[in-house]
Amino acid sequence: MSLIGNLQQLGRAFMLPMIVLPAAAIFQSLSKLPWHFIGLPGMEGYLVTASSAIFGYLPYIFALGIALGLTGNALSAGMGALIGMLIYSGIAGSAAVPIEPTVLVGTLIGILAGVSHERFKNLRLPEYIQFFGGPRFVPLFMSFVSLIFAIGMTKLAPHIQHFMMELGEIVASGGGFGVFLYGFVHRILVVFGLHHLVSHVFWFQIGAYEAENGQMVFGDLPRFFAGDPTAGVFMAGMYPTMMFALPAIALAIIHEAREDLKPKIRKTFLYAALASFLTGVTEPVEFAFLFVAPYLYVVHAILSGIIMWVTYELGIRHGFSFSGGAIDFVINEHLATRGWLIIPIGIVVGLVYYFLFRWAIRRFRIPTPGREEGSQLDEWAGDIPYRAPLILQAIGGKQNIVRMESCITRLRLKVSDEKLLDVNALRNLGAAGVIKLGGGQVQVVFGTYSELIREEMLKTIQRDQAQVLFHSPMQGKMIALEDVPDPIFAGKLVGQGVAFIPDRGELVSPVKGKVIHIYPTMHAIGILTPEGLEVLLHIGIETSKLLGKDYFNALVKEGDEVTPGMLLIRFDLQRVKRESKSLATPMVITNSDLVHSWRYAPFKAVKKGQSSVMSVVLKERNRGGETQ
């Protein structure tokens with residue numbers, strides 16, 4: 001695996017343990033309510049204890065979460081991490097000068113457990129001790145490694161603690177410019193899904209604070225919740241960006257959309273803006289302009305750093321348990337210093353972003369969603385099971401997937417061959433962007449539906465139903481068969497399928513199969529697939545009257561074997577358009593009785609040969625008493 005691939009996997013693993021932090025913040029905030037007025041005087045203590053327990057066991061949570069995240073939830077890795085933490089805590093706690101486990105230690109043990117699992121999961125031992133081979137070797141290995149690690153740490157811990165305190169002072173000496181650099185780098189790394197790595201260092205390692213009970217707490221985030229008034233430096237400045245800047249960008253995109261597309265864009269981006277405002281999930285908005293205007297994203301990253309610098313200089317100290325959205329802002333306001341200033345700063349930031357992005361979109365004619373047909377980021381939550389097989393095909397099929405994981409906003413894939421990815425198809429199916437990191441490491445940004453998409457894709461793989469997958473037979477726009485201006489095709493009397501409006505005079509094969517019929521005028525062609533489906537491609541409506549090769553020229557003959565994307569017919573687009581009723585080109589299955597179910601991609605612009613425009617599941621057929 002490439003270095004970038006390793007880093008992005010580690011970054012995703014950091015997210016798993018952080019999922020529990022919002023619960024700790026909520027418990028702490030609720031503890032401030034007057035519970036005794038409703039007859040629950042002990043509730044405050046319970047809530048404080050619950051919150052403290054999460055923060056107290058944070059090293060264990062990180063060790064377990066990172067080990068599971070690195071190995072796809074392998075239980076032996078999780079057990080190895082847990083055993084490692086227990087051994088470390090026992091030995092370090094009984095040292096002459098007791099040492100409390102830290103998030104850094106939990107992270108190291110979690111990484112070690114994950115790496116050990118990948119190294120030993122296929123370990124073969126002599127038959128008489130093979131019980132301890134394979135994944136079962138990991139907890140045993142981690143027991144011995146943690147023993148040695150703990151003994152070494154009893155000698156090194158005082159020096160490491162001193163180093164972490166010194167590092168915190170060095171970072172603090174950078175002042176506002178250091179905070180600006182963090183904000184800028186964090187925003188840039190969001191593109192590659194690596195921002196959790198830099199955040200982990202600043203949020204959980206840098207800076208020290210001695211809590212009231214004498215325990216040393218490290219990192220901006222734990223120090224903030226432990227009551228350190230100087231903590232929150234590396235979190236406060238994210239609130240204006242997530243709560244105001246990104247929603248302002250979404251509003252600018254809505255207002256710059258074409259009038260005919262504005263209703264759909266308004267719905268999509270209002271949801272995206274709300275997600276950013278409430279929860280701090282920004283990728284659905286950021287990826288809407290990242291790929292079409294990367295220079296604008298760099299400006300956005302610089303502005304994000306400047307915003308963090310401003311909040312630092314104004315003495316604003318605020319924190320969050322998950323991300324800088326309004327929910328965290330309200331829940332944690334009671335611990336903040338001058339946190340109320342974030343609101344007026346955010347309003348100014350929102351206005352700057354709104355007018356800047358509207359000006360940039362117009363001035364540089366940036367094709368943000370809604371400016372042209374085929375805009376991405378559809379709202380299709382209820383359509384996920386329907387599209388999952390098409391997404392799987394666009395990725396290159398199950399045989400191309402080495403590993404598939406997901407985080408909050410993106411699918412993280414390791415594929416065998418990046419060339420099999422159909423980026424146009426993925427974007428047509430709702431992906432905001434596709435990021436290739438090298439070494440087969442690919443990220444597909446689907447927003448907050450990513451985990452649901454992964455689950456549905458896994459179900460599709462497990463079902464392993466007999467399917468036939470169709471590519472686009474031409475470049476243009478895909479439309480519903482019902483929209484074809486011909487009652488025979490629109491009424492599905494010939495067969496069921498979809499249609500296309502071409503913008504180039506080329507027809508290619510949508511499937512693998514054999515040419516079984518070419519009409520004398522060459523305006524239509526029939527293909528038989530290996531599964532027995534008869535596919536009819538009919539160029540235009542009322543084109544059978546157009547005679548001669550000046551209109552159509554077939555490049556294949558009956559009996560030829562064809563594959564997806566192979567050129568079948570060239571035709572004179574302008575003459576056919578002028579002398580026929582319509583350019584609408586149906587692609588129908590004439591023996592539709594063999595089909596159990598149908599799936600269609602969104603009716604948008606498509607490229608010639610683009611995968612995943614249609615998928616059908618075949619009915620089970622009995623032949624000779626056997627189910628086929």
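Throughout, residue positions are numbered sequentially from 1 according to the sequence presented. A quick note: this is a predicted structure, and the numbers were derived from the prediction, not measured.
In this view, Y182 and H186, F202, F234 satisfy the ring-ring contact (aromatic ring centres under 6.0 Å, His included) rule, not counting sequence neighbours. Judged as a ring-ring contact (aromatic ring centres under 6.0 Å, His included), and not counting sequence neighbours, H471 has no contacts. Applying the ring-ring contact (aromatic ring centres under 6.0 Å, His included) rule to W359 yields the partners F364; only residues at least two apart in sequence or on another chain are considered.
Screening residues 359-368 for salt bridge (Lys or Arg N to Asp or Glu O under 4.0 Å) gives E256-R362 as the qualifying pairs, with residues at least two apart or on separate chains. Contacts classified as salt bridge (Lys or Arg N to Asp or Glu O under 4.0 Å) and involving residues 303-330 (residues at least two apart or in different chains) are not found. Sorted by first and then second residue, the pairs that involve residues 179-197 and meet salt bridge (Lys or Arg N to Asp or Glu O under 4.0 Å), not counting sequence neighbours, are R187-E286.
Distance check: M474 CE to L567 CG gives 10.5 Å after rounding to the nearest 0.5 Å. The structure places NE2 of H255 at 6.5 Å from CZ of R358, a figure rounded to the nearest 0.5 Å. Expressed to the nearest 0.5 Å, how far OG1 of T279 lies from CZ of F320 amounts to 12.0 Å. Taking CD1 of I391 as the reference point, atom CG of L411 lies at 7.5 Å (rounded to 0.5 Å). One distance of note links CD1 of I539 with CD of E506; it measures 11.0 Å at 0.5 Å rounding. Note that the CE atom of M242 and the OG atom of S276 stand 7.0 Å from one another [nearest 0.5 Å].
Taking the side chain as every heavy atom from C-beta outward, S29 and H334 approach each other to under 4.5 Å. R410 is listed as a side-chain neighbour of F287, based on a closest heavy-atom distance under 4.5 Å. Here the side chains of T230 and R223 are in contact, with some heavy-atom distance below 4.5 Å. Side-chain contact between W309 and V179: absent, with no pair of heavy atoms (C-beta onward) separated by less than 4.5 Å. Taking the side chain as every heavy atom from C-beta outward, P602 and L429 approach each other to under 4.5 Å.
Aromatic ring pairs are classed by plane angle as parallel below 30°, tilted from 30° to 60° and perpendicular above 60°; the pair Y353 and F357 is parallel. Taking the six-membered ring for Trp and thresholds of 30 and 60 degrees, F244 and F277 have ring planes more than 60 degrees apart, a perpendicular arrangement. The aromatic rings of F329 and Y239 stand perpendicular to each other, their planes meeting at an angle above 60°, with 30° marking the opposite boundary.
Considering D422, N424, N428 as possible partners of S611, the one that fulfils the side chain to side chain donor-acceptor pair (under 3.5 Å) test is D422.
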